[in-house]
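See below for the structure under consideration.
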Amino acid sequence: MSDRYAVFGNPVAHSRSPAIHAAFARQTGQDIVYEALAAPLDGFAAALHAFAAAGGRGANVTVPFKREAWRLADRRSARAQAAGAVNTLRFDAQGLFGDNTDGAGLIADICGNLGYSIAGRRVLLLGAGGAARGVLLPLLAAAPRRLVLANRSEDRAQALREEFAAAAAALAVELPEDGFEALGLPALAGGRFELVIDATSAGLAGAPPQLPEAVFDPAGLAYDLVYGPAARAFLDLARRQGVAKRADGLGMLVEQAAESFLLWRGVRPQTAPVLAWLRASG
Ligand code: ATR
């Protein structure tokens with residue numbers, strides 16, 4: 001019998017993860033099945049345990065269950081521990097092992113697929129929710145010159161900054177030489193960033209976060225963590241501000257999936273053909 005994996009979310013029906021993992025399995029000759037399972041908002045733990053009891057070997061976790069998955073994990077990788085969120089679970093004899101592959105996926109997409117170096121850049125991360133916390137430590141570790149965390153509610157950005165400054169110190173990750181700051185959105189006026197990453201959920205409602213003029217450096221990169229229509233409002237704003245290099249999070253999705261696949265199967269699939277196929281199939 002094939003080994004079973006699943007992505008849990010709510011909603012999850014439109015997830016592209018089953019197609020990605022099926023492609024990885026074909027490519028590497030691994031005998032797995034991978035499905036999308038919707039868990040009730042108050043029933044994630046029960047759904048997960050039922051899946052493990054039925055022979056599931058591991059799971060991806062998406063919105064809105066990543067924090068709960070972190071709490072449910074019996075052991076966690078250092079990067080999941082710091083993120084405070086888990087997107088990958090492996091069901092081991094010792095219990096649930098929790099990892100977070102989102103940040104590694106983002107860095108692999110930006111630096112690898114898009115060929116854009118983060119080291120030495122001024123970076124702006126928008127948002128202070130679950131998506132932002134998944135990528136913050138790997139972003140700091142990529143050695144930007146300056147990193148600003150900006151959020152509509154400034155206090156959430158401040159709290160996240162403090163939490164991650166402490167995590168960085170504990171893991172000997174150096175803070176950016178021009179500063180690691182938390183700001184409200186209006187306070188971004190006058191700043192200019194080479195890499196602007198949208199980790200807000202504003203795009204789901206079809207409007208970008210309200211940013212002051214000239215926050216984008218036109219020679220830089222605008223990146224949205226989500227993919228498809230939800231990324232459009234932010235990427236259109238970047239285009240209107242003259243940014244030529246823009247990307248949605250489809251590459252990150254494929255890269256984080258490859259990292260999860262490696263954790264489960266011990267083999268790293270090639271991502272480029274899968275990403276090209278997904279882009280071509282729309
Ligand atoms: P996720 O897990 O997707 O990060 P979340 O934890 O609900 O979801 O966080 C959503 C993020 O998007 C928050 O940073 C939120 O800002 P607030 O903390 O001020 O609520 C941000 N966000 C949502 N809608 C927004 C909008 N219209 N403009 C700017 N930021 C927005």
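Start at 1 and go down the list; that is how both ligands and their atoms are numbered.
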N or O pair under 3.5 Å between [X] and ligand 1:
X	value
A128	yes
S201	yes
S153	yes
G127	no
V63	no

Atom pairs and distances, side-chain donor-acceptor, residues 169-180, under 3.5 Å, sequence neighbours left out:
{"unit_1": "D178", "atom_1": "OD2", "unit_2": "R145", "atom_2": "NH1", "d": "3.1"}

Item to complete: Give a yes-or-no answer on whether the side chains of N87 and T101 include a donor-acceptor pair shorter than 3.5 Å.
Response: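 Short answer, yes.
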Discussion item. For a quick check under 3.5 Å, do D198 and T200 share a side-chain donor-acceptor pair by atom type?
Written reply: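 Per modelled atom types, D198 and T200 side chains form a pair under 3.5 Å.
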Name the atoms and distances for all side-chain donor-acceptor pairs under 3.5 Å in residues 226-243, with sequence neighbours left out.
{"unit_1": "D236", "atom_1": "OD1", "unit_2": "R239", "atom_2": "NH2", "d": "3.4"}
{"unit_1": "Q241", "atom_1": "OE1", "unit_2": "A214", "atom_2": "N", "d": "3.3"}

Just need the protein heavy atom nearest to [atom], so name the residue and atom and give the distance.
atom	result
atom 21 (C) of ligand 1	T200 CB, 3.7 Å
atom 2 (O) of ligand 1	G130 N, 3.3 Å
atom 5 (P) of ligand 1	G129 CA, 4.0 Å
atom 13 (C) of ligand 1	R156 NH1, 3.6 Å

Practice prompt. Just do the salt bridge (Lys or Arg N to Asp or Glu O under 4.0 Å) check on D248 and R279 with the steps written out, would you?
Written response: CA-CA 11 Å; D248 74 0; R279 290 240 184 259; 3.3 Å; yes
Fill in: Among R161, Q158, R146, the one residue meeting side chain to side chain donor-acceptor pair (under 3.5 Å) with E181
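The passing option is R146.
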Practice prompt. With heavy atoms only and a cut-off of under 4.0 Å, state how R152 meets ligand 1: side chain, backbone, both or neither.
Written response: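 Near ligand 1, R152 shows its backbone as well as its side chain.
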Discussion item. Whether E259 and R79 form a salt bridge (side-chain N of Lys/Arg under 4.0 Å from carboxylate O of Asp/Glu) is what I want to check.
Written reply: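 Salt bridge flag = yes for E259 with R79.
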Worksheet item: Below 4.0 angstrom, N of the basic side chain to O of the carboxylate: do R246 and D224 qualify?
Response: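 No.
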Practice prompt. Would you check if the distance from the ring center of F8 to the ring center of F65 is below 6.0 Å?
Written response: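 For F8 and F65, the ring centres are not under 6.0 Å apart.
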Worksheet item: N151 near ligand 1, heavy-atom distance under 4.0 Å?
Response: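 N151: in contact with ligand 1 (<4.0 Å).
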Fill in: For A131, the ligand 1 atoms whose distance to one of its heavy atoms is below 4.0 Å
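The atoms of ligand 1 under 4.0 Å from a heavy atom of A131 are 1 (P), 2 (O), 4 (O).
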Fill in: Proximal candidate to atom 29 (C) of ligand 1 [heavy atom criterion; set G184, A233, P209]
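Nearest heavy atom to atom 29 (C) of ligand 1 lies in P209.
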